[in-house]
Amino acid sequence: MPAAARPVPHVAPSILSADFGDLAAAAAAVVPACEWLHVDVMDGHFVPNLTVGPPVVASLRRHSRLFFDTHLMLRDPGRYLAAFRDAGADGCTVHVEVGGTAALIDQMRRLGLRVGLAANPDTPFEALEQHLGRVDLVLCMTVFPGFGGQPFMAEVLPKVRRVRQAVERAGLDVVVEVDGGVDERTGALAAEAGATVLVAGSAVYGEPDPGEAARRIAAAARMACPPVSA
Ligand code: DX5
Ligand code: ZN
């Protein structure tokens with residue numbers, strides 16, 4: 001069976017590095033360069049930081065039509081999935097480390113969410129492997145979650161490669177995403193390894209023109225991963 005052409009890489013800007021006092025403007029600033037917005041949700045338990053909850057997502061939803069890629073760094077995500085869906089999240093991603101993954105996947109499906117599964121840098125491929133056939137997105141963290149602005153962990157790239165190979169071998173329609181320390185250089189490395197969605201916080205919102213910064217990261221990734229020709 002011929003391998004399906006890999007989707008062109010694109011950037012999902014993370015609002016974690018944006019001005020939380022003006023999130024509507026932050027979302028608008030990356031249109032039309034991007035179609036996704038990455039919303040980092042932290043509970044102070046799974047990670048040692050706190051960010052936003054469903055009310056903020058609901059408010060932002062009124063100002064943006066971007067796909068909300070909602071990254072739940074929560075110890076008990078099942079408790080909040082319906083609230084995030086109702087607030088306007090398009091996809092939710094839960095961490096495999098919190099356990100109960102099969103039930104969380106079922107719950108997200110029932111809610112009509114796009115289903116994402118994330119793994120920390122030190123969580124092996126095998127923890128993801130058994131769930132690949134039932135998810136829409138796999139997120140390989142390239143930093144330990146909790147904070148923006150950390151350096152990219154290149155040692156995660158072999159795992160990205162294994163996820164990409166497994167997805168292609170099985171002919172699955174699963175997005176491979178990386179998150180943490182992504183800029184033009186590291187985004188290209190991740191794309192070369194097989195990531196097609198690159199989450200970037202500080203490299204987008206730390207720049208004077210976030211839309212242009214996202215465009216540059218995406219362009220570098222596309223150069224590293226040219227479209228497959230038949
Ligand atoms: C980290 C978050 C990331 C973070 C990325 O816990 O999940 O989405 O915002 O920020 P940068 O791109 O600055 O590493
Ligand atoms: Zn994230």
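The shown structure was predicted, so the numbers you read here are calculated from the model rather than taken from an experiment.
In the hydrophobic clustering of ILVMFWY residues, with side-chain heavy atoms under 4.5 Å counting as a link, Val30 and Val8 come out apart. Cluster membership for Leu157 and Met223, using ILVMFWY side-chain heavy atoms within less than 4.5 angstrom, is not shared. Grouping the Ile, Leu, Val, Met, Phe, Trp and Tyr side chains by contacts below 4.5 angstrom, directly or via other members, places Val47 with Phe144. A continuous path of ILVMFWY side-chain contacts below 4.5 Å connects Ile15 to Leu198, so both sit in one hydrophobic cluster. By the rule that hydrophobic residues join a cluster once side-chain heavy atoms approach within less than 4.5 Å of another member, Leu74 and Val115 end up as members of one cluster.
No side-chain heavy atom of Asp179 sits under 4.5 Å from any side-chain heavy atom of Thr93. Between Ser14 and Val204 there is no side-chain heavy-atom pair separated by less than 4.5 Å. Inter-residue side-chain proximity for Met42 and Leu50 is flagged as unmet; no heavy-atom pair is nearer than 4.5 Å. Annotation: side chain of Phe125 is not in contact with side chain of Cys140 (no heavy-atom distance under 4.5 Å). Side-chain atoms of Arg134 and Asp106, non-hydrogen and from C-beta on, do get closer than 4.5 Å to each other. Taking 4.5 Å as the limit, some side-chain heavy atom of Arg109 sits within range of a side-chain heavy atom of Asp136. At least one side-chain heavy atom of Val135 sits under 4.5 Å from a side-chain heavy atom of Val174.
By the side-chain hydrogen bond (donor to acceptor under 3.5 Å, both in side chains) test, Asp19 pairs with no residue at all, sequence neighbours left out. In terms of the ring-ring contact (aromatic ring centres under 6.0 Å, His included) criterion, residue partners of Phe46 (sequence neighbours excluded) are, by chain and number, His95. Among residues two or more places apart in sequence or in another chain, the side chain to side chain contact (heavy atoms under 4.5 Å, CB included) test is passed with Arg161 by Glu192, Ala193.
Using modelled atom types, one finds no donor on one side chain facing an acceptor on the other under 3.5 Å when comparing Asp69 with His71.
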Thr142 and Thr186: CA distance, side-chain angles, deciding distance, side chain to side chain contact (heavy atoms under 4.5 Å, CB included) verdict: CA-CA 10 Å; Thr142 41; Thr186 58; over 6 Å; no
Criterion side chain to side chain contact (heavy atoms under 4.5 Å, CB included) on Val94 and Met108, from CA distance to verdict: CA-CA 10 Å; Val94 300; Met108 286 188 275; 3.7 Å; yes
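Partner Phe84 forms a side chain to side chain contact (heavy atoms under 4.5 Å, CB included) with one of Val39, Leu113, Val57 and no other, that one being Val57.
Here the CG atom belonging to Leu104 is positioned 9.0 Å from the CG atom belonging to Leu117, to the nearest 0.5 angstrom. Expressed to the nearest 0.5 Å, how far CZ of Arg216 lies from CD of Glu207 amounts to 6.0 Å. In this structure, the separation between CD on Gln107 and CG on Leu81 is 4.5 Å, given to the nearest 0.5 Å. Atom CG of Leu37 is separated from atom CG of Leu66 by 5.5 Å, given to the nearest 0.5 angstrom. Put simply, OH on Tyr80 and OG1 on Thr70 are 15.5 Å apart, with the number rounded to the nearest 0.5 Å. In this structure, CG on Leu189 lies 12.5 Å from SG on Cys225, to the nearest 0.5 angstrom.
Formation of a donor-acceptor pair under 3.5 Å by the Asn49 side chain with backbone atoms of Gly146 is found in this model. With Ser64 contributing its side chain and Ala27 its backbone, the two residues share no donor-acceptor pair below 3.5 Å.
Residue Glu35 qualifies as open at atom CD: its count of foreign heavy atoms under 6.0 Å is 12 or below. Taking a 6.0 Å sphere around CZ of Arg185, one finds it holds 12 or fewer heavy atoms contributed by other residues, nucleotides or ligands.
Smallest separation of non-hydrogen atoms from Leu111 and Ala82: CD1-N, 3.7 Å. The two atoms that bring Ala127 and Val96 nearest to each other are O-CG2, 3.6 Å, heavy atoms only. Of all heavy-atom pairs between Pro7 and Thr196, the closest is O-CG2, 3.3 Å. Looking at every heavy atom in both residues, Ala200 comes nearest to Ile217 through CB-CD1, 4.0 Å. Taking every heavy atom of both residues into account, Leu72 and Pro77 meet most closely at CD1-CB, 4.3 Å. Annotation for Ala191 and Pro9: closest pair CB-CG, 4.1 Å, computed over non-hydrogen atoms.
Legend: salt bridge (Lys or Arg N to Asp or Glu O under 4.0 Å) pairs involving residues 75-100, not counting sequence neighbours, sorted by first then second residue: Arg61-Asp90. For residues 113-131, every residue pair satisfying the salt bridge (Lys or Arg N to Asp or Glu O under 4.0 Å) rule, not counting sequence neighbours, is listed here: Glu126-Arg162.
The hydrophobic cluster containing Leu137 also includes Trp36, Phe67, Leu139, Met141, Val143, Val175, Val197, under a criterion of side-chain heavy atoms closer than 4.5 Å among ILVMFWY residues, counted directly or through chains of members.
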